[in-house]
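Because only heavy atoms are used, hydrogens play no part in the values below, and waters and symmetry mates are left out as well, while side chains stay in.
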Amino acid sequence: MSTESDTETAESERGTETKSKCGASRSGETDGGSSCGASSSEVEASTSKTVETTGSGSSTSKCGASETASEASGSGSSGCGASSSDDDEEEVGATVDDFDADPGRLIAVGLGPGEPSGMTSRAKRALAESEHIVGYTTYVELLPDEITDDAEEIYSTPMCGEVSRTEEAIDRALAGNDVAIIGSGDPNVYALSGLALEILESKGATASMVGFEVVPGVPAAQSCGARLGAPLVNDTVSISLSDHLTPMPEIESRLHAVASEGFTIAIYNPWSRKRRENFEKCCEILLTHRDPETPVGIVHAAGREDEETLITTLGALEGLGEEEIIDMTTTILVGNEETYVWDDRMVTPRGYETKYEY
């Protein structure tokens, strides 16, 4: 499954949609009520409660921060630190001193593998209690209707907007709203809970000020492992092949370190148009330390309509790089020297057989 900070290709632009940068909803041709308590005098084309950013047009900050926009270039710099260009993350804008309201709450909610049935009851309850929901467009579309129908406002951005999206959620909370920022899997696994705390600190705010809370979800490695049998019942390490935030030499060093030990390995973000070489290098490193017959499980789009699973071998893994089953929504589970395949399921012994007779 893909992670928050590692997607690369922007979604199709939706030219008529408005862009809220500080949690404001805008409607009408005269001053309109903002979700942040501010008003807008701009003419807007949409009155939907769902606000999505795109790569065109301009936007106005609603949380007391100043903003300028260039209509000619189609990009704007938000006082919230958000950029209307998905590829250009701006520095943090508004600080805690720019907000007059009593802060609301900020909750990072993990949706789990993708289908509504995979969400925890705690996650559903947290979303039901949130006034605003902020997330990557694909993750918003995974929410059940009863959640989206009851939300006061939903704010989504396309790919590569994780910094501006997280700051949007924080500014909404500082402006007095109860806000949930969502992601697939778990918020603490290659996701935005850490970024949220970093941005809160950079604004001069505190986690306690907004009652920051993390609602865990089932991580991709665990949901994929469940589909493959029992591959992860012993010591396991996860590694992302995305060099968007971690330099590839560091990733290679970590691969050497864990592959030479007896860990099972969960590989996130294995393949994209810009990362073919990363995947190939990963396979090369793993094969220098492990037998080509080592079992490998592949799960594509766990919990979604196009879910697909495959159990193969480490020696055959690189050849699957061009296949549709391996992309940014795929998680790869590499067995250790004791992992075996039985009845079409991966099994990694925990060690019971050394102490018990059965």
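- Summarising the local packing, CG of D306 is surrounded by more than 12 heavy atoms from other residues, nucleotides or ligands at distances under 6.0 Å.
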Take V163 and L195 through the side-chain contact (heavy atoms from CB on, under 4.5 Å) test and state the conclusion after the steps. CA-CA 8 Å; V163 174; L195 177 61; 4.2 Å; yes
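- Remark: the T264 side chain and the T236 side chain contain an N/O donor-acceptor pair separated by less than 3.5 Å.
- Distance check, rounded to the nearest 0.5 Å: OG1 of T246 to CD1 of I251 gives 5.5 Å.
- The two residues A173 and L106 make their nearest non-hydrogen contact at CB-CB, 4.1 Å.
- Between F279 and S272, the closest side-chain pair of non-hydrogen atoms is not below 4.5 Å.
- Smallest separation of non-hydrogen atoms from I170 and A196: CD1-O, 3.5 Å.
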Could you walk me through whether R275 and E280 pass the salt bridge (charged side-chain N to carboxylate O under 4.0 Å, His left out) test, one step at a time? CA-CA 9 Å; R275 280 199 282 277; E280 293 165 356; over 6 Å; no
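- In this structure, the separation between CD on E323 and OG1 on T330 is 11.5 Å, given to the nearest 0.5 Å.
- The shortest distance between side-chain heavy atoms of H256 and T288 falls below 4.5 Å.
- A donor-acceptor pair under 3.5 Å is absent between the side-chain atoms of K281 and the main chain of E252, judged by distance alone.
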Could you walk me through whether N269 and S240 pass the side chain to side chain donor-acceptor pair (under 3.5 Å) check? CA-CA 6 Å; N269 306 304; S240 169; 2.8 Å; yes
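- Minimum interatomic distance between V140 and S156 (heavy atoms only, all atoms of both residues): CG2-CB, 3.9 Å.
- Cluster annotation: V334 and L320 are assigned to the same hydrophobic cluster (Ile/Leu/Val/Met/Phe/Trp/Tyr, side-chain heavy-atom contacts under 4.5 Å, transitive).
- For the atom pair CD1 of I265 and CD1 of I332, the computed distance is 11.0 Å after rounding to the nearest 0.5 Å.
- Side-chain atoms of T294 never come within 3.5 Å of backbone atoms of R290 as a donor-acceptor pair (strictly under, hydrogens ignored).
- What you find for L197 and F212 is that their closest heavy atoms are CD2-CD2, 3.5 Å.
- Residues L317 and L228 do not share a hydrophobic cluster, clusters being chains of Ile/Leu/Val/Met/Phe/Trp/Tyr side chains in contact below 4.5 Å.
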Please assess E146 against K124 for the test salt bridge (charged side-chain N to carboxylate O under 4.0 Å, His left out), listing each intermediate value before the final yes or no. CA-CA 10 Å; E146 60 267 24; K124 292 178 181 178; 5.7 Å; no
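- Judged purely by atom type and a 3.5 angstrom limit, D291 uses its side chain to pair as donor or acceptor with the backbone of E293.
- Formation of a donor-acceptor pair under 3.5 Å by the R172 side chain with backbone atoms of V134 is not found in this model.
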For E198 and S202, run side-chain contact (heavy atoms from CB on, under 4.5 Å): C-alpha distance rounded to whole Å, both residues' side-chain angles, the deciding distance at 0.1 Å, then the answer. CA-CA 6 Å; E198 292 173 20; S202 73; over 6 Å; no
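- When the shell of 6.0 Å around CD of E201 is examined, it contains 12 or fewer heavy atoms from other residues, nucleotides or ligands.
- More than 12 heavy atoms of other shown residues, nucleotides or ligands fall within 6.0 angstrom of atom CZ in R276.
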Are I239 and V258 close enough, and set up right, to give a side-chain contact (heavy atoms from CB on, under 4.5 Å), and what steps lead you there? CA-CA 9 Å; I239 293 180; V258 301; 3.6 Å; yes
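- The side-chain heavy atoms of T348 and L232, taken from C-beta on, include no pair separated by under 4.5 Å.
- In E250, the CD atom is crowded: over 12 heavy atoms of neighbouring residues, nucleotides or ligands sit closer than 6.0 Å.
- Side-chain atoms of D178 come within 3.5 Å of backbone N or O of R105 as a donor-acceptor pair.
- Counted within 6.0 Å of CD on E353, heavy atoms from surrounding residues, nucleotides or ligands total more than 12; the atom is thus considered enclosed.
- For the pair V237 and R254, the minimum side-chain heavy-atom distance is 4.5 Å or more.
- Checking side-chain atoms of S130 against main-chain N and O of H132 turns up no donor-acceptor pair under 3.5 Å.
- With Y136 contributing its side chain and P158 its backbone, the two residues share no donor-acceptor pair below 3.5 Å.
- In this structure, I298 CD1 and E308 CD are separated by 9.0 Å, a value rounded to the nearest 0.5 Å.
- Neither L143 nor V218 shares a network with the other; the hydrophobic side chains, linked directly or stepwise wherever heavy atoms of I, L, V, M, F, W or Y lie under 4.5 Å apart, form separate groups for each.
- For the 3.5 Å distance criterion, the side chains of R165 and T157 qualify, holding a donor opposite an acceptor.
- The closest donor-acceptor contact from the side chain of N278 to the backbone of L241 lies under 3.5 Å.
- Clustering ILVMFWY residues whenever any of their side-chain heavy atoms sit less than 4.5 angstrom apart, transitively, puts Y268 in a cluster other than the one holding L310.
- Residues L314 and V299 do not share a hydrophobic cluster, clusters being chains of Ile/Leu/Val/Met/Phe/Trp/Tyr side chains in contact below 4.5 Å.
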So Y139 and L111, side-chain contact (heavy atoms from CB on, under 4.5 Å) or not? Walk me through it. CA-CA 8 Å; Y139 300 153; L111 303 182; 4.2 Å; yes
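- Shown here for D186 and P219, the closest heavy-atom pair between the two residues is CB-CG, 4.0 Å.
- Counting heavy atoms from C-beta on, the side chains of R345 and P231 never come closer than 4.5 Å.
- Looking at D150, its side chain never comes within 3.5 Å of a backbone N or O of I147 through a donor-acceptor pair.
- W342 shares a hydrophobic cluster with Y340, V347; the chain of contacts runs through ILVMFWY side chains whose heavy atoms sit under 4.5 Å apart.
- Alongside Y358, the hydrophobic cluster contains Y352, Y356 (criterion: ILVMFWY side chains under 4.5 Å).
- Between atom CD1 of residue I154 and atom OG1 of residue T137 there is a gap of 11.0 Å, rounded to the nearest 0.5 Å.
- Taking each heavy atom of S193 and A108 in turn, the nearest pair found is CB-CB, 4.4 Å.
- Judged by distance alone, with hydrogens and angles left aside, the side-chain atoms of T120 form no donor-acceptor pair with the main-chain N or O of G217 at under 3.5 Å.
- Taking CD from E129 and CD1 from I107, the interatomic distance works out to 7.0 Å, rounded to the nearest 0.5 Å.
- Of the candidates R304, E307, H300, H300 is the only one forming a side-chain hydrogen bond (donor to acceptor under 3.5 Å, both in side chains) with T329.
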Before giving the answer on salt bridge (charged side-chain N to carboxylate O under 4.0 Å, His left out), spell out for K203 and D171 the whole-Å C-alpha distance, their side-chain angles and the decisive distance to 0.1 Å. CA-CA 10 Å; K203 287 177 174 289; D171 283 350; 2.8 Å; yes
